[in-house]
Amino acid sequence: MRFIVYNVRDDEIPFVEKWGKDHQVDVTSTTTTLNTETISEAQGFDGISCLQTIPYSRELFDSFHQLGIKYLALRNVGIDNIDMQAAKDNGVLITNVPAYSPESIAEFAVMMAPLSL
């Protein structure tokens, strides 16, 4: 199986590579944001992992289908920006982070507060 991971930050690369190795998945990373113009980078991959930063439209899922992409793994909570019917119509399985720890989010916010002063 081959995955391309869009919107990767430098600090995420070691984790992405380790995940690929641990699960016997060939993983390629890119800093590019996924959209209808950049999806061509996913040619030859089985799945895409990215952030919840764009609307996932019918047009985008049609492109998934044309490229043979069967999986979209979001590295975020939420699916309100996804055309779920279009994903289903194009045979794309979607996964996401099921929940975040409210305590961790609060701790992070408190930690960052002095930096914004």
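Note that the coordinates shown come from a computational prediction; the quantities given were computed from them, not determined experimentally.
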Interatomic distance, T33 atom OG1 to L51 atom CG [nearest 0.5 angstrom]: 8.0 Å
Going by atom type alone, with no hydrogens or angles, which donor-acceptor pairs under 3.5 Å involve a side-chain atom of residues 60-73 and a protein atom two or more places apart or on another chain?
residue: D62; atom: OD1; partner: N90; partner atom: ND2; Å: 3.0
residue: S63; atom: OG; partner: E59; partner atom: O; Å: 3.3

Residue pair I48 / A42: nearest heavy atoms and the distance that separates them: CD1-CB, 3.8 Å
Shared hydrophobic cluster for V16 and V25 (ILVMFWY, side-chain gaps under 4.5 Å): yes
Short side-chain to backbone donor-acceptor contact, R75 and N7, under 3.5 Å: yes
Partner set under side chain to side chain donor-acceptor pair (under 3.5 Å) for D22, not counting sequence neighbours: K18
Pairs where residues 47-56 contributes a residue and the test salt bridge (charged side-chain N to carboxylate O under 4.0 Å, His left out) is met, not counting sequence neighbours: none
Connected via hydrophobic side-chain network under 4.5 Å: V97 and M84: no
Distance in Å, I79 CD1 paired with N96 CG, rounded so as to fall on 0.5 Å steps: 6.5 Å
Considering all heavy atoms, the nearest C50-Y6 contact: CB-CB, 3.8 Å
same_hphob_cluster(F3, I13) at 4.5 Å side-chain heavy-atom cutoff: yes
Partner residues of D26 under the side chain to side chain donor-acceptor pair (under 3.5 Å) criterion, sequence neighbours left out: R2
Spacing of T32 atom OG1 and I39 atom CD1 [to the nearest 0.5 Å]: 12.5 Å
Qualifying ring pair (Phe, Tyr, Trp, His ring centres under 6.0 Å) pairs with a residue from residues 38-57, counting only residues at least two apart or across chains: none
Partner set under side chain to side chain donor-acceptor pair (under 3.5 Å) for Q85, not counting sequence neighbours: D89
V27 versus G20, closest heavy-atom pair with distance: CG2-CA, 3.6 Å
Working for side chain to side chain contact (heavy atoms under 4.5 Å, CB included), residues T38 and T30: CA-CA 11 Å; T38 62; T30 180; over 6 Å; no
Selection residues 29-56 - residue pairs positive for salt bridge (charged side-chain N to carboxylate O under 4.0 Å, His left out), sequence neighbours left out: none
Under the salt bridge (charged side-chain N to carboxylate O under 4.0 Å, His left out) test, residues paired with D11 that sit two or more places apart: R9
Contacts of T28 that satisfy side chain to side chain donor-acceptor pair (under 3.5 Å) - sequence neighbours left out: none
